[in-house]
Amino acid sequence: MPTIAEIKKIQEEWREHCRQIQSITDTKSLQRETATQKEQRIHRLQRDYAAFCEYYFPHFLTLRDKVTGEAIRTIHNAPFHNAAAKLVKNSANLKAVFKWPRGHAKSTHFDIFMPLWLMFQPKRLINFMVIVGKSEDSADRLLGDIQAELQYNKRIIADFGKQMSIGNWTDGEFTTKDGVYFLACGRGQSPRGLRKRESRPDYIVIDDLDDDELCRNERRVRELTDWVKEALFGALDVGRGRFLMVGNLISKTSVLANICATKGVHVSTVYAVDNEGNPVWKEKWTKEEAREYMEFVGYRAWNKEMMHNPIVEGTVFRQEWIKWAKRPAWKQFSEFVLYIDPSWKSKKTNDTKAAKLWAKCGTNLWHLRAFVRKASVAELVRWCYDRYEEYCLASITAGVFRTSDIASVSLPVRFVMEASFMQDILLDEFTTEGNLRGYQLPITGDTRKKPDKFQRIEAISPLWERGFVFYDQAQKEDPDMQAGLEQLLAFEKGMSGNDDAPDADEGAIWILQRNTRQQTYAPRFGKRPTSKNIW
């Protein structure tokens with residue numbers, strides 16, 4: 001339970017939010033209308049969800065300068081917002097899960113915009129709304145947002161009349177002057193027999209019910225799933241009404257995952273970016289911003305919060321096995337291998353492209369550089385040429401390096417690519433870049449008949465566990481190195497995430513181990529020696 005001080009702070013923040021609503025939705029700056037023009041505009045907004053949101057909720061859809069508070073630009077609804085609203089409006093009886101990423105306005109649309117759009121239709125489509133949150137307090141705060149709009153939004157009041165409520169959101173319920181009833185409910189609370197006079201709920205929205213602690217307990221997840229299906233769904237009038245769940249898939253063992261798998265439930269899945277890394281809500285953020293976000297939060301958090309791909313660490317590789325150390329002098333390495341996994345361009349999953357530079361020093365394996373990202377083939381090729389030049393420089397102990405010297409320098413760096421990827425399109429990219437630089441990379445194909453990927457990668461994990469693998473300390477903050485580590489630590493059988501980085505690791509290590517294998521004894525064949533013929 002929150003303290004009195006915390007409650008006062010929440011209430012003061014809500015009052016400030018209400019003041020902002022009043023200020024931003026002021027109608028004085030709007031174009032004057034005749035009664036006919038006003039009626040026509042309202043009818044248009046009742047039909048057009050995107051226009052409805054932009055007109056009545058500019059305070060939600062305006063990007064403002066964090067310092068001055070001045071408006072920078074309007075953030076328009078994404079197509080998936082409008083499609084969801086159309087589905088909800090046109091489906092009087094709907095069981096649906098809207099699996100959208102973090103920061104993609106799930107609560108804003110399903111807890112505020114859509115209910116009010118339904119409420120202000122020519123024929124009202126909502127009479128009794130229930131908001132369900134992780135706790136009663138969180139549900140109350142969600143309820144406060146919609147009450148703030150009904151009480152203080154001047155544009156709503158100007159078009160639909162005063163909406164002063166009976167009751168208070170801090171008590172978890174209120175009623176509008178037209179008799180629409182709103183109720184907040186925490187997860188696990190008993191909603192049996194919910195009714196307002198003769199009415200039962202006709203719009204129930206379950207908002208971000210799961211959390212990490214809950215998902216670690218399968219029994220609690222089962223019990224809460226039963227509560228959603230039985231007690232909460234049972235609060236509707238024999239299933240009639242809109243029964244909606246919104247959230248992102250933070251765990252495969254979660255209530256949201258269970259409801260998604262239920263027969264008869266419509267599932268809307270939205271990923272933060274498409275196969276090319278472009279944001280699906282391009283009206284809100286750019287491709288560069290999405291990439292920067294992903295690099296900061298890391299591979300696992302990005303997949304969990306933004307791509308509905310929760311990954312459990314440690315099923316094969318463990319964080320404590322990752323050893324960072326100062327790299328030995330270049331001359332101490334016996335061999336270098338740069339293994340390239342460019343991924344199939346036509347793959348629906350659009351795997352990341354990976355190139356990993358590994359080297360061997362004595363019995364230890366060193367991971368020196370990484371390219372792990374969604375990128376074009378040309379970008380991967382340029383990176384490989386850059387690394388070739390970098391390690392040409394490292395191998396020359398005297399004199400001034402000249403680009404024209406590259407072709408004549410004998411390097412221990414081996415460039416290897418899986419033979420199945422040695423396609424004309426890839427080789428053409430390498431040839432084109434080589435023509436620009438005046439030399440060609442000596443790429444060879446990995447022609448071995450590979451066993452199952454999981455078995456191959458799992459088979460090299462003891463090298464990490466036994467302490468034979470080291471990572472160059474100087475590359476610890478490199479985004480590509482970190483992305484590769486995230487994929488390695490997330491690797492598990494049947495994973496749906498990217499595994500190109502550990503696949504490239506396995507390819508490089510296999511070559512290093514094969515080429516530096518030494519025979520420490522001469523095998524003897526024949527009769528097993530006995531105590532009589534040992535000496």
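Just the heavy atoms: all of them, side chains too, but no hydrogens, waters or symmetry mates, feed the values below. Quantities reported herein were computed from a predicted structural model and do not represent experimental measurements. Nothing fancy with the numbering, it's 1 onward along the sequence.
- With hydrogens and angles left out, the side-chain atoms of E283 and N77 include no donor and acceptor closer than 3.5 Å.
- With rounding to the nearest 0.5 Å, the separation of CZ in R387 from CD in E389 is 9.5 Å.
- Of the possible polar contacts, none joining the S461 side chain to the I457 backbone as a donor-acceptor pair under 3.5 Å is found.
- The aromatic rings of W281 and F80 sit perpendicular to each other, their planes meeting at more than 60°, with 30° as the lower class boundary.
- Using bins of under 30°, 30° to 60° and over 60° for the plane-to-plane angle, the ring pair W464/F317 lands in the perpendicular bin.
- For the pair R448 and W510, the cation sits on the ring face: its NZ or CZ lies under 6.0 Å from the ring centre, inside 45° of the axis.
- A distance below 6.0 Å separates the ring centres of Y439 and Y388.
- Although no hydrogens or angles enter the test, the distance criterion places a donor-acceptor pair under 3.5 Å between the side chain of D210 and the main chain of L256.
- Annotation: side chain of M417 is in contact with side chain of P342 (closest heavy-atom distance under 4.5 Å).
- When E486, K476, Q475 are each tested for a side-chain contact (heavy atoms from CB on, under 4.5 Å) with M481, only one passes: Q475.
- For the pair R41 and Y55, the cation-pi test (distance below 6.0 Å, angle within 45°) is passed.
- In this structure the side chain of V228 never reaches within 4.5 angstrom of the side chain of N258, judged on heavy atoms.
- Proximity of a side-chain donor or acceptor of Q440 to a complementary backbone N or O of T431 within less than 3.5 Å is detected.
- At a threshold of 4.5 Å between non-hydrogen side-chain atoms, the residues Y203 and V88 count as touching.
- Proximity of a side-chain donor or acceptor of Q487 to a complementary backbone N or O of A501 within less than 3.5 Å is detected.
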**Message:** Test side chain to side chain contact (heavy atoms under 4.5 Å, CB included) on M306 and N248; report intermediate values, then the result.
**Reply:** CA-CA 8 Å; M306 310 300 283; N248 54 319; over 6 Å; no
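- A salt bridge links E16 with R19: the closest approach of a Lys/Arg side-chain nitrogen to an acidic carboxylate oxygen falls below 4.0 angstrom.
- For H104 (side chain) and R102 (main-chain N/O), a donor-acceptor pair under 3.5 Å exists by modelled atom type.
- A donor-acceptor pair is defined here as one N or O able to donate and one able to accept, closer than 3.5 Å; such a pair exists between the side chain of H308 and the backbone of V270.
- Side-chain contact annotation: W366 with D472, donor-acceptor N/O pair under 3.5 Å absent.
- Side-chain contact check for D145 versus R141: every heavy-atom pair is 4.5 Å or farther apart.
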**Prompt:** When you look at K353 and D480, which way does the salt bridge (Lys or Arg N to Asp or Glu O under 4.0 Å) test go after all the steps?
**Reply:** CA-CA 11 Å; K353 292 174 174 58; D480 292 88; over 6 Å; no
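- When each of E295, E288, E289 is tested with R291 by the rule side-chain hydrogen bond (donor to acceptor under 3.5 Å, both in side chains), just one qualifies, namely E295.
- Using a 4.0 Å cut-off between charged side-chain N and carboxylate O, K453 and D500 make no salt bridge.
- Between F60 and F57, the ring planes are perpendicular. Angles over 60° get that label, and only those under 30° would be called parallel.
- Using modelled atom types, no side-chain atom of R369 and backbone atom of A355 make a donor-acceptor pair closer than 3.5 Å.
- Using cut-offs of 30° and 60° on the angle between ring planes, the pair H109 and W100 is perpendicular.
- At a threshold of 4.5 Å between non-hydrogen side-chain atoms, the residues I131 and F182 do not count as touching.
- Taking the ring centroids of Y49 and W117, they lie under the 6.0 Å cut-off.
- Side-chain atoms of K304 do not come within 3.5 Å of backbone N or O of S251 as any donor-acceptor pair.
- Put simply, the side chain of Y339 never gets that close to the backbone of A354: no donor and acceptor are under 3.5 Å apart.
- Partner of D211 under the salt bridge (Lys or Arg N to Asp or Glu O under 4.0 Å) criterion, out of R216, R187, K134: R187 alone.
- Using a 4.5 Å heavy-atom cutoff, the side chains of P310 and L249 are in contact.
- Side-chain contact between F113 and Y56 is absent, with no heavy-atom pair separated by less than 4.5 Å.
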